[in-house]
Amino acid sequence: MWRQAGFLADAFAVFKEHNYSVDLISTSESTVTITLDPESAVDADGSRFIRFIDDLSGLCQVEVKTDCVSISMVGNAIRTILGKLSSALDLFQDRHVHLVTQSANDLNLTLVVDSEHADSLVRKLHQTLISSQADNRAEFGPSWSEMNRTAGTARGSPEWWHARAPDLLEILGQRECAYVYDLNIIRKAAQRLNALRTVHRVLYSVKANDHPRILQVMAQEGLGFECVSIAEVEHVLETVPGGQPAEILFTPNFAPREEYEKAFQAGVRVTVDNSWVLREWHGLFTHKELFLRLDLESGHGHHRKVITSGKESKFGISLEHLGELSDHLQKHDIRVTGLHAHTGSGVTDVSVWQEQLRRLLAVLPRFPAVKVLNLGGGLGVPDRPEQSRLDLAELDKLLHASLGEAEIQLWLEPGRYLVANSGVLLARVTQLKDKGNYHYVGIATGMNSLIRPALYGSYHDIVNLSRLDSPSTVPCRIVGPICESGDVLGESRLLPPTCEGDVLLIANTGAYGRVMASHYNRRIPAEELFLAS
Ligand code: LLP
């Protein structure tokens, strides 16, 4: 072909003569690689194809490869994000790629590989480009399911706040932003957990949301409290009428010695998660009862920063230290009455707690005084409308199967499950801007009120509450007013055409929302309000 004018014309004349339409093409100085759609290439007895190859062989050396598949990444202006596709292209590293083309209309990038690799490559590409792309969503746009659903509709039925839209707008009044909670949602979640027949006690993990009204509802529903700082312990004792120390489990990690002293003085139950503490401060623990938090070696969670078990985590006592620890406990008359394990937060696979239970039961013989196995919290809630809810009935069944006849109480200490769905963050639209590839919708509060999207890439559903019934057609990047490029609350979200003053609703923000807020930039985080029930 090198400098031979008309070679391609001659070759394509043969395609035309035999009525073959070219699908993909790439060329070099000496080689032309072409794909034909198998449906057009195959004829009943193969004779047309043989004649075609014969004729083509008069012009060049022909090699036919069958059993190939073309895999296309399809998207608008794909050339502009080639750099972002590097992780996807890495997947092809060990595969024989026969051809790469980037379509002239800039709508797809296609690679042709042997068909045996196609399924696994497509699965991995999907995982790399779509499922795990919380941070990259700006480039990849809304997902198909997001584009095809009605705003705020989860798993087929509307979210609770749909019906309460007028109440929510009314309670916000003239404010720029606010967290608004519905306590009934919390009550129902607490009742679902209390109905688990294998679980003897549910403690509310106060860190998820420590608003006094929420703590009071937990107490009314008969839940205890799990606290991770002495300040949380004091807060519960002060704000829950009739709050008893016996209802509180103190589960600190790398806390100063005086917090343990105060906890014992207050009469709350203490969990220790470091054998160093028991050795170095043994005077503090002699003749005491306590729970031990163990690291059962496998961690789970919605993000690596919330996995609290396993080699990389700072929590818990390693199983390998239990031998020497037992001797020490005996020597100082420290009675272990409970074992505790918490693998991480935002877990959706119920078999994780069964596995925890299994592993705790395996170490139980070392601790004859143990009456309680605390399986921790971590119960996940669906972030995206297409995700399903945690199957509590299945959890109950699995725990029951593993517990058998063991004379032991099972405890859980969830935070998120109880409160996440009860809260929404409302914020008024401040400004709009079109810049680069984005249509920006600015709102009155951002990562100072809700840091989860910036910190974990967390997904929170976002709708325009002022225009709930208008079709969501405009892809938007929803940002706050904080001086950080990471102050993005939602990437590539579809909203109706939106105006200054509209109220956006950010869903599922009852857990780890206001409690993780800051005054960064001296901006006051959203205050907390409650719907009348
Ligand atoms: N128990 C212990 C010992 C914990 O460390 C935690 C959470 C819980 C219970 C309650 O976990 P939950 O049921 O809420 O998943 N800020 C993160 C979550 C960090 C959770 C830390 N520990 C987030 O926004 O996702």
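Atom set for the values below is all heavy atoms of this structure, side chains included, hydrogens, waters and symmetry mates excluded.
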Derivation of the salt bridge (Lys or Arg N to Asp or Glu O under 4.0 Å) call for R164 and D182: CA-CA 10 Å; R164 306 290 311 259; D182 182 345; 3.7 Å; yes
E259/K262 ion pair, N-O < 4.0 Å: no
Polar contact flag, side-chain donor to acceptor under 3.5 angstrom, Y520-E484: yes
Donor-acceptor under 3.5 Å (W161 side chain, L465 main chain): no
No-hydrogen, no-angle side-chain donor-acceptor test under 3.5 Å, E413 and H340: yes
Indicate every side-chain donor-acceptor pair of residues 357-373 with a distance under 3.5 Å to a residue at least two apart or in another chain.
from : atom 1 : to   : atom 2 : distance (Å)
R358 : NE     : E355 : OE1    : 3.0
R358 : NH2    : E355 : OE1    : 3.2
R358 : NH2    : E355 : OE2    : 2.7
R359 : NE     : E355 : OE2    : 2.8
R359 : NH1    : L296 : O      : 2.4
R359 : NH1    : S298 : OG     : 3.3
R359 : NH2    : E355 : OE2    : 3.3

No-hydrogen, no-angle side-chain donor-acceptor test under 3.5 Å, R304 and Y456: no
Ion pair D461/R384, N-O distance below 4.0 Å: no
Donor on one side chain, acceptor on other, S309 and D295, under 3.5 Å: yes
Pair R452-H460, side-chain donor/acceptor within less than 3.5 Å: yes
Heavy-atom closest contact (L468 atom, V463 atom, distance): CD1-CG2, 3.8 Å
F254 six-ring centre to K314 NZ/CZ under 6.0 Å and within 45° of normal: no
Heavy-atom donor-acceptor pair, S318 side chain to H321 backbone, under 3.5 Å: no
Cation-aromatic face contact R514/Y179, 6.0 Å, 45 degrees: no
Y181 six-ring centre to R213 NZ/CZ under 6.0 Å and within 45° of normal: no
Atom CZ of R201 with >12 non-hydrogen neighbours under 6.0 angstrom: yes
R467 side chain to T498 side chain, donor-acceptor N/O pair below 3.5 angstrom: no
Test item: F285 and H332 side chains (from C-beta on) under 4.5 Å apart, heavy atoms: no
Pairwise distance OG1(T198) to CG(L410) - rounded to 0.5 angstrom: 6.0 Å
Considering all heavy atoms, the nearest G316-D273 contact: N-OD2, 3.0 Å
Salt bridge R187-E221, side-chain N to carboxylate O under 4.0 Å: yes
pair V236-D210: side-chain heavy atoms closer than 4.5 Å: no
Rounded distance (nearest 0.5 Å) linking atom CG of L278 with atom CG of L292: 6.5 Å
